[in-house]
Q: 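Below is a structure I'd like to ask you about.
Please read these numbers as outputs of a predicted model, since none were measured by experiment. Start at 1 and go down the list; that is how both ligands and their atoms are numbered.
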Amino acid sequence: MENRLETRILRVDPEHPDPAVIAAAAEVIKQGGTVAFPTETVYGLGANALDPEAVMKIFRAKGRPRGNPLIAHIASLAQARTLVACWPPAAEALARRFWPGPLTLILPRGAGVPDEVTAGLPTVALRLPAHPVALALIEASGVPIAAPSANISGRPSPTCAGHVWKDLAGRIDLILDGGATEVGVESTILDLSGPRPVLLRPGGVSREELERVLETEILLHPAVLQGGIGAAEGELDVAPSPGTLFRHYAPAARVLLVSGTPQEQAAKIKNYLAEHPGVRAGVLATTENFPFYQAEGILPAYLEILGSRNCPEEIAGRLFSALRNCDDAGVDVILVEAIPASGIGLAVMNRLCRAAENRIL
Ligand code: TXA
Ligand code: MG
């Protein structure tokens, strides 16, 4: 980047944000600047969604492809309605049940939404986040805030201010440090713009929960559990999901997804380490397999316990920081144990499939 910015960091209490700190951050947004802020999922990199030049700063800071649209973050249902061409009953039902929360709705865009936000698509992505800092910032700014995850494009999303600093220091105006985020994976993205709801990205709200409210089956976009870039689009009669067209969630090391029962996974990892003595390997394991690694004396260059395979919430919360920790440990390869793809486990497996780009052991 040509012009290095002086990136400020302001600490903020995540539960009771200091109005003076929020006012300072809102001023940056109003002036057309960029502010990274915590949400309940991951940190976002925000700018005034109604100001095309401010929005372009997000793309430049992240090195994000222009064709990948942004989510507009709002603080009320009334504000959401100002950005859409229509507000169908399904949107009303889901918003009332899950907002504020980790759900993004894709709807036909309203006239006032700049092309820079939607990447020229006829739809707009809307989310009302459940984080006091995010909500206070949107309210104080008085405008919707366009915000992708606050990482360099393609890297794992940031779950604490340190991750944002590492990726974006010198590229953005301000970071609001509100501590670690809670959910750890991004919002669920549901496309309501077509004849049937389609899940484009699994996330903090599970497919099962959405189906209960809509009382209908929700189609999974074909790319959800595939690691290929733009995988299998066109096979089903659904519109392409722009987010799946780009490399994603990738640490610097190569990720290998390890499938099978816990016993099979442990055996595969043991064999891999034995067969590749020269490779610096990181292992991201479930609690269930940890005793096995101990008993067998398996000592990879880096080992982190993600949590129990029966508690995908716990694993989601640690996943992105664990991938970054592997990079910090300087490993060449990351072996990650697969978990059941139900509940928020679907979001975990989606991120892992994408990070592994179909390399499955
Ligand atoms: O939890 C989250 O959603 C976080 C926090 C910051 O809110 N944000 C986030 O943004 O993950 P981002 O940009 O990293 O991911 C948004 C995804 C992208 O894959 C993008 O392609 C998709 O949403 N998207 C945005 N607008 C869209 C649209 N109109 N149609 C289809 N997909 C869209
Ligand atoms: Mg992202």
Side-chain angles (χ1 to χ4, degrees), residues 35-47 49 55 58-59 61-74 83-85 98-110 113-131 133-135 137-138 144-159 163-164 167-168 176 181-194 198-205 221 223-224 229-230 233 238-250 316 320 347 350-351 354-355:
V35 177
F37 60 95
T39 79
E40 78 279 30
T41 58
V42 301
Y43 273 73
L45 175 59
V55 171
I58 294 176
F59 284 88
K62 283 181 55 100
R64 182 178 177 103
R66 284 282 302 268
N68 197 1
L70 306 179
I71 299 172
H73 294 68
I74 61 269
L83 300 175
V84 296
F98 296 109
W99 282 358
L103 175 66
T104 295
L105 299 177
I106 308 285
L107 290 159
R109 74 193 264 194
V113 184
D115 275 338
E116 284 75 5
V117 173
T118 66
L121 292 176
T123 53
V124 62
L126 297 180
R127 160 158 141 77
L128 203 161
H131 194 294
V133 172
L135 289 173
L137 178 63
I138 300 163
I145 294 185
S149 49
N151 49 282
I152 291 285
S153 200
R155 301 251 305 135
S157 294
T159 54
H163 296 162
V164 180
D167 278 15
L168 298 178
L176 288 179
T181 62
E182 196 185 313
V183 179
V185 291
E186 304 87 342
S187 61
T188 301
I189 303 183
L190 187 69
D191 187 351
L192 292 178
S193 69
V198 180
L199 190 81
L200 301 185
R201 179 178 75 182
V205 174
H221 192 277
V224 163
I229 292 171
E233 268 155 16
V238 295
S241 166
T244 64
L245 299 172
F246 308 99
R247 189 177 145 81
H248 234 113
Y249 310 115
F320 288 141
N350 164 260
R351 306 309 187 268
R354 304 277 317 270

Q: With heavy atoms of Leu200 as the reference, note each atom of ligand 1 found under 4.0 Å away.
A: 31 (C), 32 (N)

Q: Which atoms of ligand 1 are found less than 4.0 Å from any heavy atom of Ala125?
A: 25 (C), 26 (N), 27 (C)

Q: Please work out, at 4.0 Å between heavy atoms, whether the side chain, the backbone, both, or neither of Glu40 comes within that distance of ligand 1.
A: neither

Q: Which atoms form the tightest heavy-atom contact between Val55 and Ala146, and what is the distance?
A: CG2-CB, 4.3 Å

Q: Roughly how far, to the nearest 0.5 Å, is CG of Leu137 from NE2 of His73?
A: 10.5 Å

Q: Just by distance, do the side chain of Asn151 and the backbone of Pro158 share a donor-acceptor pair under 3.5 Å?
A: no

Q: Taking both backbone and side-chain atoms of Thr39, is any N or O found less than 3.5 Å from an N or O belonging to ligand 1?
A: no

Q: Thinking salt bridges, do Arg66 and Asp115 make one under a 4.0 Å N-O criterion?
A: no

Q: Counting only heavy atoms, which portion of Asp191 has something under 4.0 Å from ligand 1: side chain, backbone, both, or neither?
A: neither

Q: Show your working on side chain to side chain contact (heavy atoms under 4.5 Å, CB included) between Leu126 and Trp99 and close with a plain yes or no.
A: CA-CA 11 Å; Leu126 297 180; Trp99 282 358; 4.1 Å; yes

Q: In terms of atom number and element, which parts of ligand 1 are under 4.0 angstrom from non-hydrogen atoms of Ile71?
A: 3 (O), 8 (N), 9 (C), 10 (O), 16 (C)

Q: State the atoms of ligand 1, each with its element, that fall below the 4.0 Å cut-off from a heavy-atom position in Gly44.
A: 6 (C)

Q: Does any N/O atom on Lys62 come nearer than 3.5 Å to any N/O atom on ligand 1?
A: no

Q: Compute whether any side-chain donor of one residue and acceptor of the other, for Ser157 and Arg351, lie under 3.5 angstrom apart.
A: no

Q: Ignoring hydrogens and angles, state whether a donor on the side chain of Ser187 or Arg201 is under 3.5 Å from an acceptor on the partner side chain.
A: yes

Q: Hey, is the main chain of Thr188 close enough, under 3.5 Å, to the side chain of Arg127 for a donor-acceptor pair?
A: no

Q: Could you report the tightest heavy-atom contact between Pro156 and Phe320, atom names first, then the distance?
A: CB-CD2, 3.8 Å

Q: What distance do Ile145 atom CD1 and Ile71 atom CD1 have between them, rounded to the nearest 0.5 Å?
A: 13.5 Å

Q: Just distances here: any N/O of Glu186 and N/O of ligand 1 closer than 3.5 Å?
A: no

Q: Check each heavy atom of Asn68 against ligand 1 and say whether those closer than 4.0 Å belong to the side chain, the backbone, both or neither.
A: side chain

Q: At a non-hydrogen distance cut-off of under 4.0 Å, which region of Arg109 contacts ligand 1 (side chain, backbone, both, or neither)?
A: neither

Q: For ligand 1, which part of Ile189 has a heavy atom less than 4.0 Å away: the side chain, the backbone, both, or neither?
A: side chain

Q: Is Thr41 in polar range of ligand 1, meaning some N or O pair under 3.5 Å apart?
A: yes

Q: Out of all atoms in ligand 1, which are within 4.0 Å of some heavy atom of Ile106? Include the element for each.
A: 27 (C), 28 (C), 30 (N), 31 (C), 32 (N), 33 (C)

Q: Of all the atoms in ligand 1, which lie at a distance below 4.0 Å from a heavy atom belonging to Thr123?
A: 28 (C), 29 (N), 30 (N)

Q: Apply side-chain hydrogen bond (donor to acceptor under 3.5 Å, both in side chains) to Ser149 and Glu186, showing your working.
A: CA-CA 8 Å; Ser149 49; Glu186 304 87 342; 4.8 Å; no

Q: Thr181 side chain to Thr41 main-chain N or O, any donor-acceptor pair under 3.5 Å?
A: yes

Q: Got an N/O contact under 3.5 Å between Tyr43 and ligand 1?
A: no

Q: Provide the number and element of each atom of ligand 1 under 4.0 Å from a heavy atom of Arg64.
A: 13 (O), 18 (C)

Q: Identify, by atom number and element, the atoms of ligand 1 in contact range of Leu121, meaning under 4.0 Å from any of its heavy atoms.
A: 28 (C), 29 (N), 30 (N)

Q: Counting backbone and side-chain atoms alike, does Ser149 have an N/O/S atom under 2.8 Å from the Mg ion (ligand 2)?
A: yes

